[in-house]
Chemist: 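Dumping the structure here so I can ask a few things about it.
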Amino acid sequence: MSGVATRGSSRLAPLDESFFDRPPRPVAQDLIGCELLHDGVGGRIVETEAYEEDDPACHAFIGRTGRTKVLFGPPGRAYVYLCYGIHRMLNVVTDADGIAAAVLIRAIEPLEGVELMAERRGGGRSARELCSGPGKLCQALAIELEQTRMSLVEPPFQLRGRDPSLEAPTIVAGPRIGITKGAELPWRYCLAGSEYLSQSAG
DNA sequence: CCTGCGATTTGCT
DNA sequence: GCAAATCGCAGGC
């Protein structure tokens with residue numbers, strides 16, 4: 001990987017499991033501005049949504065099933081599932097072992113491996129079309145369904161904290177996108193003014 | 001620019 | 001059998 005230009009900040013402190021060992025709303029807000037990489041490809045998280053156990057929109061609301069049991073497990077794991085038969089969605093499991101909660105990663109600002117992302121997403125796309133939505137970013141980062149239950153704080157994934165020398169980002173909260181149950185809860189968080197938010201985000 | 005719809009698989013009822 | 005935490009394209013204004 002030494003030949004790949006590094007536009008992100010490789011010196012940023014990696015997040016560890018304890019960062020995710022708390023309720024999903026603070027985690028979702030604190031993830032804004034952090035860097036997510038898969039096999040060295042990724043960028044800065046600019047949009048997230050929180051899902052709690054006691055939340056009809058959360059997949060764990062119906063209980064523990066084969067698909068949702070990872071949500072009840074230890075924090076810092078990936079929950080990847082298929083939506084509408086085509087799109088993969090990436091979540092980070094949060095909160096203590098035994099409590100079901102997750103944060104959906106909805107959009108990132110591409111920083112590293114941009115050419116590879118463009119190739120995976122298909123030709124003729126601008127930088128802001130690469131990862132501006134939960135299905136798009138899984139395609140751009142090549143995140144697969146089989147990676148559900150893998151740790152996001154271990155290779156091939158990397159999660160790095162915000163640059164402490166920068167000002168804390170301004171975060172805007174709003175209603176979550178694309179859901180029918182619990183749609184009124186303002187548990188979506190965006191980096192204010194970012195060019196790389198999902199289309200439905202303000 | 002904005003609205004509407006088809007694609008396509010999984011897992012639960 | 002059906003709904004689902006989406007996306008991209010076609011067509012109209």
Side-chain angles (χ1 to χ4, degrees), chain A residues 20 23-29 31-32 36 38 42-43 45-73 75 77-95 99-110 117-150 152 171-191 194-202:
Chain A
F20 300 99
R25 278 180 278 164
V27 172
Q29 294 170 70
L31 275 175
I32 300 294
L36 168 67
H38 179 220
I45 298 170
V46 296
E47 185 177 340
T48 59
E49 285 178 359
Y51 289 87
E52 297 189 346
E53 183 168 350
D54 183 25
D55 170 1
C58 182
H59 288 177
F61 185 75
I62 57 174
R64 203 180 288 241
T65 69
R67 183 175 63 157
T68 63
K69 71 179 177 187
V70 61
L71 293 170
F72 292 84
R77 305 285 187 86
Y79 170 52
V80 186
Y81 74 96
L82 195 66
C83 183
Y84 296 99
I86 4 190
H87 302 293
R88 304 178 295 273
M89 304 283 126
L90 173 65
N91 297 249
V92 193
V93 175
T94 81
D95 229 326
I99 302 176
V103 172
L104 171 68
I105 312 295
R106 287 192 56 88
I108 69 178
E109 173 184 345
M117 292 190 216
E119 193 177 306
R120 290 167 176 161
R121 292 274 296 124
R125 302 205 188 275
S126 65
R128 56 190 305 179
E129 292 177 298
L130 294 179
C131 302
S132 54
K136 299 177 191 177
L137 84 84
C138 282
Q139 188 184 11
L141 302 204
I143 292 168
E144 304 300 335
L145 291 179
E146 295 72 34
Q147 295 180 294
T148 197
R149 307 181 69 183
M150 284 179 63
L152 285 174
I171 297 170
V172 180
R176 294 174 294 181
I177 303 290
I179 58 174
T180 51
K181 291 166 285 193
E184 73 287 353
L185 298 170
W187 292 353
R188 179 169 51 91
Y189 305 100
C190 298
L191 177 61
S194 172
E195 301 289 303
Y196 299 95
L197 301 175
S198 67
Q199 291 303 309
S200 22

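Every chain is numbered from 1 and lettered A, B, ... according to where its sequence line falls, protein lines coming before strand lines.
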Chemist: How many whole angstroms separate atom CG of A:L137 from atom P of C:dG8?
Modeler: 12 Å
Chemist: Check this for me: does the side-chain of A:H87 come within 3.5 Å of the base of C:dA5 through a donor and an acceptor?
Modeler: no
Chemist: In whole angstrom, what separates A:K69's NZ from B:dC12's C1'?
Modeler: 16 Å
Chemist: Starting from P on C:dG8, measure out to CG on A:L130 and report it in whole angstrom.
Modeler: 10 Å
Chemist: Would you say the side-chain atoms of A:Q199 pair up with the backbone N or O of A:G133, donor to acceptor, closer than 3.5 Å?
Modeler: no
Chemist: Can you see which heavy atom on A:L104 is nearest to which on A:L90, and at what distance?
Modeler: CD1-O, 3.5 Å
Chemist: Quick one: does A:R88's side chain have a donor or acceptor within less than 3.5 Å of a partner on A:I143's backbone?
Modeler: yes
Chemist: Is a donor on one side and an acceptor on the other found under 3.5 Å between the side chain of A:E47 and the backbone of A:S198?
Modeler: yes
Chemist: When you measure from the side chain of A:T180, which nucleotide among C:dA4, B:dT10, B:dC12 comes out closest?
Modeler: C:dA4
Chemist: With P as the reference atom in both, quote the distance from B:dG6 to C:dC2 in angstrom, rounded to an integer.
Modeler: 16 Å
Chemist: Figure out the CG/P separation between A:L71 and C:dA5, and round it to whole Å.
Modeler: 13 Å
Chemist: Which listed nucleotide (C:dT6, B:dT13, C:dA5) is nearest to the side chain of A:I62?
Modeler: B:dT13
Chemist: Consider the side chain of A:K136, meaning its heavy atoms from C-beta on, and name the nucleotide among C:dC7, C:dA5, C:dT6 that approaches it most closely.
Modeler: C:dC7
Chemist: Going by distance alone, is a donor N or O of one side chain under 3.5 Å from an acceptor N or O of the other, for A:Q139 and A:R121?
Modeler: yes
Chemist: Using whole Å, what does the distance between atom P of nucleotide B:dC12 and atom NZ of A:K181 come to?
Modeler: 13 Å
Chemist: If you measure from CZ on A:R188 to CG on A:L197, what distance do you get to the nearest 0.5 Å?
Modeler: 8.0 Å
Chemist: Looking at A:T65, does any N or O in its side chain come under 4.0 Å of the phosphate oxygens OP1/OP2 on B:dG11?
Modeler: no
Chemist: For A:A50, does its backbone N or O pair with a side-chain atom of A:R176 as donor and acceptor, under 3.5 Å?
Modeler: yes
Chemist: Just how far, in rounded Å, is P of C:dA5 from CZ of A:F61?
Modeler: 13 Å
Chemist: Taking CD from A:E129 and P from C:dT6, how many angstroms apart are they, rounded to a whole number?
Modeler: 18 Å
Chemist: If you check the A:Y79 side chain, which of B:dT8, C:dA5, C:dG8 turns out closest?
Modeler: C:dA5
Chemist: Which part of the nucleic acid does A:R67 contact within heavy-atom distance under 4.0 Å: base, sugar-phosphate only, or nothing?
Modeler: sugar-phosphate
Chemist: Are the ring of A:Y51 and the base ring of C:dA5 both nearer than 5.5 Å at their centres and tilted by less than 30°?
Modeler: yes
Chemist: Could you tell me whether A:I177 contacts a base, only the sugar-phosphate backbone, or nothing, with contacts defined as non-hydrogen atoms closer than 4.0 Å?
Modeler: sugar-phosphate
Chemist: Between A:R121 and A:V103, name the one whose nearest nucleotide on DNA chain C is closer to the 5' end.
Modeler: A:V103
Chemist: So which nucleotide from B:dT10, C:dG8, C:dA5 ends up closest to the side chain of A:L82?
Modeler: B:dT10
Chemist: Name the stems that DNA chain C belongs to, where each is three or more consecutive Watson-Crick or G-U pairs with both distances under 3.5 Å?
Modeler: B:1-7 with C:6-12, B:9-12 with C:1-4
Chemist: Using atom CE of A:M89 as one end and atom P of B:dT8 as the other, report the distance to the nearest whole Å.
Modeler: 16 Å
Chemist: Between A:L141 and A:M117, does the side-chain contact (heavy atoms from CB on, under 4.5 Å) criterion hold? Intermediate values first, please.
Modeler: CA-CA 7 Å; A:L141 302 204; A:M117 292 190 216; 4.2 Å; yes
Chemist: Would you mind classifying the nucleic acid contact of A:R88 as base, sugar-phosphate or nothing, using non-hydrogen atoms under 4.0 angstrom?
Modeler: nothing
